[in-house]
A.B. asks: 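Once you've had a glance at the structure underneath, I'll fire off some questions.
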Amino acid sequence: MTKVFNEPSFRDGVNLMVDRAMAVMGLDDGVAKAIKSCNATLQVQFPVKIRGKIEVFTGWRATHSTHRLPSKGGIRYAPYANQDEVEALAALMTYKCAIVDVPFGGSKGGLLIDPSQYSRDEMELITRRFTLELIRKGFLSPSTNVPAPDIGTGQREMSWMADTYKHLHPDDINYIACVTGKPVHHGGIQGRVEATGRGVQYALREFFRHSDDVKNANMAGSLDGKTCVIQGLGNVGYHAAKFLSEEDGVIITAVIEYNGALINDEGIDIEQLKQHVDEHGGIQTYPCAEFVEEGNAVLEKECDILLPAALESQITMENADRINTKLIVEAANGPVTFGADEILRKKGIVIIPDAYANAGGVTVSYFEWIRNISHIRLGRMQRRHDAMRGEEMSRVLEEATGRAMSEKIRNNISRGADELDLVRSGLDDTMRLAYQEIRVTRDNHENISDLRTAMYVTSIEKISRSYIEVGVF
Ligand code: GLU
């Protein structure tokens, strides 16, 4: 018999997790309320003429917090977009920005649309029209609210949005900072596309640097040779799986997509699979793994690391008990429901929580925004200077030792950091520091044993400081 569980909505689930953390902290009720409440949600309905007929589209932009400005977060295009989801995701952005010390408030947007049903030109028209609505209502500008890509949107949509803003505000010198995740030749930053996947990799690497945490998850050693099941081969899942398998020796034993899953215990070559998907439109015919139609059942496959990188509410009270992994890294937002989180904790499964694990995207968005408002590419002033110092250092070392360096070592020492090097270094540092802060919180509170509660407590402590110090009016 199928059990039916009445689980809270995504937004209520996030709030319940936050309540759990606030209870541990003993936070003042007023401050707690101020932090949890969603500042404003805009719903727009706008007509667009498509193939001679008028269609009306519905979109949302929720600003969860404005204690830091601009408020930041992606815009999602999906046939299931709704206000509850947008508000839950906006709240997660508040906690996400705080945990990685990105000085922004939290926001999120959604447009109810199935992008596959429209041509490129139609998508441009719809996006520009939606952007116009957001700008007119004060929900998009470089200083107050800055969107970014999310599910169903990417560099293309961000370019259209930036261009629409520029036309409405030709006198705003910072117009290009009104969205992030733009193409590099249009004000974007190197490394933004893969940033969330890279961040997931850096989060896992940091986790595996702490042998007590690894032991806690009933594992030992490094990432090398660990088995991993991933759900979702979109931007985040693809990059995380690619980097982990190609650079850290992780074996991807299954890839779950919305219409089935691939299994190969020897490991799936992610780059080869991605090429296959691009050519054939799906995973079904990929020859080097077994295809199974019941994709979501594969979430229950035994593995060391389960990496959900698709949608929210994938591990629920219905399947949580059958999950057979040691560590879950939440590359998606909200893949584990509040009820499932409880069950998984009792089973001893460790969870690296979403607001930390997938914060790489917004972190690099922050770097992009800084690049935009400072009007200069990162590293432009120092690169040559650093390279010259490196060359000098190599010469001194060779003279002192009387030995010539290999070409490789000389190049490594004398190479000045370019934008991508700086982005990676900033992201790596951010992910390491945030994890260390979460660990300290967990270890200092006797009532906290999980990383999610520790993450929320760390994040809420930072946010509440700004409410308490600056006050509310
Ligand atoms: N959509 C991404 C997220 O959920 C990125 C947000 C951003 O870069 O502002 O974190």
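Everything numeric in this text was worked out from a predicted model, so none of it was measured. Whatever order the structure lists them in is the order used to number ligands and atoms, beginning at 1.
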A.B. asks: Mark up the atoms of ligand 1 that fall under 4.0 Å of a heavy atom belonging to K108, in ascending order.
C.D. replies: 1 (N), 3 (C), 4 (O)
A.B. asks: Pairs of nitrogen or oxygen atoms closer than 3.5 Å, one from V146 and one from ligand 1: do any exist?
C.D. replies: no
A.B. asks: For ligand 1, which atoms have a heavy atom of D150 less than 4.0 angstrom away?
C.D. replies: 1 (N), 2 (C), 4 (O)
A.B. asks: Just need the protein heavy atom nearest to atom 8 (O) of ligand 1, so name the residue and atom and give the distance.
C.D. replies: S365 OG, 2.6 Å
A.B. asks: Is the contact between R192 and ligand 1 made by the side chain, the backbone, both, or neither, using heavy atoms and a 4.0 Å cut-off?
C.D. replies: side chain
A.B. asks: For ligand 1, which atoms, with element, lie under 4.0 Å from some heavy atom of A148?
C.D. replies: 6 (C), 7 (C), 8 (O), 9 (O)
A.B. asks: Counting each atom of ligand 1 from 1 as listed, which ones have a heavy atom of G361 under 4.0 Å away?
C.D. replies: 8 (O)
A.B. asks: Starting from atom 9 (O) of ligand 1, what is the nearest protein heavy atom, named by residue and atom, and what distance separates them?
C.D. replies: K72 NZ, 2.8 Å
A.B. asks: Please indicate whether any nitrogen or oxygen in N358 is less than 3.5 Å from any nitrogen or oxygen in ligand 1.
C.D. replies: no
A.B. asks: For E157, is there any backbone N or O sitting under 3.5 Å from a side-chain donor or acceptor partner on T127?
C.D. replies: no
A.B. asks: Can any side-chain N or O of K137 pair as donor or acceptor with the backbone N or O of V44 at less than 3.5 Å?
C.D. replies: no
A.B. asks: Near G74, which atoms of ligand 1 are under 4.0 Å from a heavy atom of that residue?
C.D. replies: 1 (N), 6 (C)
A.B. asks: Considering only NZ, NE, NH1 and NH2 on the basic side and carboxylate oxygens on the acidic side, decide whether K36 and D19 come within less than 4.0 Å.
C.D. replies: yes
A.B. asks: I'd like to know if P147 contacts ligand 1, where contact means a heavy-atom distance under 4.0 Å to any ligand atom.
C.D. replies: no
A.B. asks: For the backbone of H276 and the side chain of E279, can you confirm whether one donor and one acceptor N or O come within less than 3.5 Å of each other?
C.D. replies: no
A.B. asks: Between S365 and R192, is the side-chain hydrogen bond (donor to acceptor under 3.5 Å, both in side chains) condition met? List the steps.
C.D. replies: CA-CA 7 Å; S365 275; R192 173 62 185 86; 3.0 Å; yes
A.B. asks: May I ask you to test the E85-Y80 pair for a side-chain heavy-atom distance under 4.5 Å?
C.D. replies: yes
A.B. asks: Determine whether any heavy atom of R76 lies closer than 4.0 Å to an atom of ligand 1.
C.D. replies: no
A.B. asks: Check whether Y456 forms a cation-pi arrangement with R20 (NZ or CZ under 6.0 Å from the six-membered ring centre, at most 45° off the ring normal).
C.D. replies: no
A.B. asks: Considering the heavy atoms of N333, write down every atom of ligand 1 situated less than 4.0 Å from one of them.
C.D. replies: 4 (O)
A.B. asks: Is a side-chain N or O of Q190 found less than 3.5 angstrom from the main chain of V423, in a donor-acceptor match?
C.D. replies: no
A.B. asks: Which protein non-hydrogen atom lies closest to atom 3 (C) of ligand 1, naming both residue and atom, and how far is it?
C.D. replies: K96 NZ, 3.4 Å
A.B. asks: Under 3.5 Å, side chain of N324 to main-chain N/O of K301, donor-acceptor pair present?
C.D. replies: no
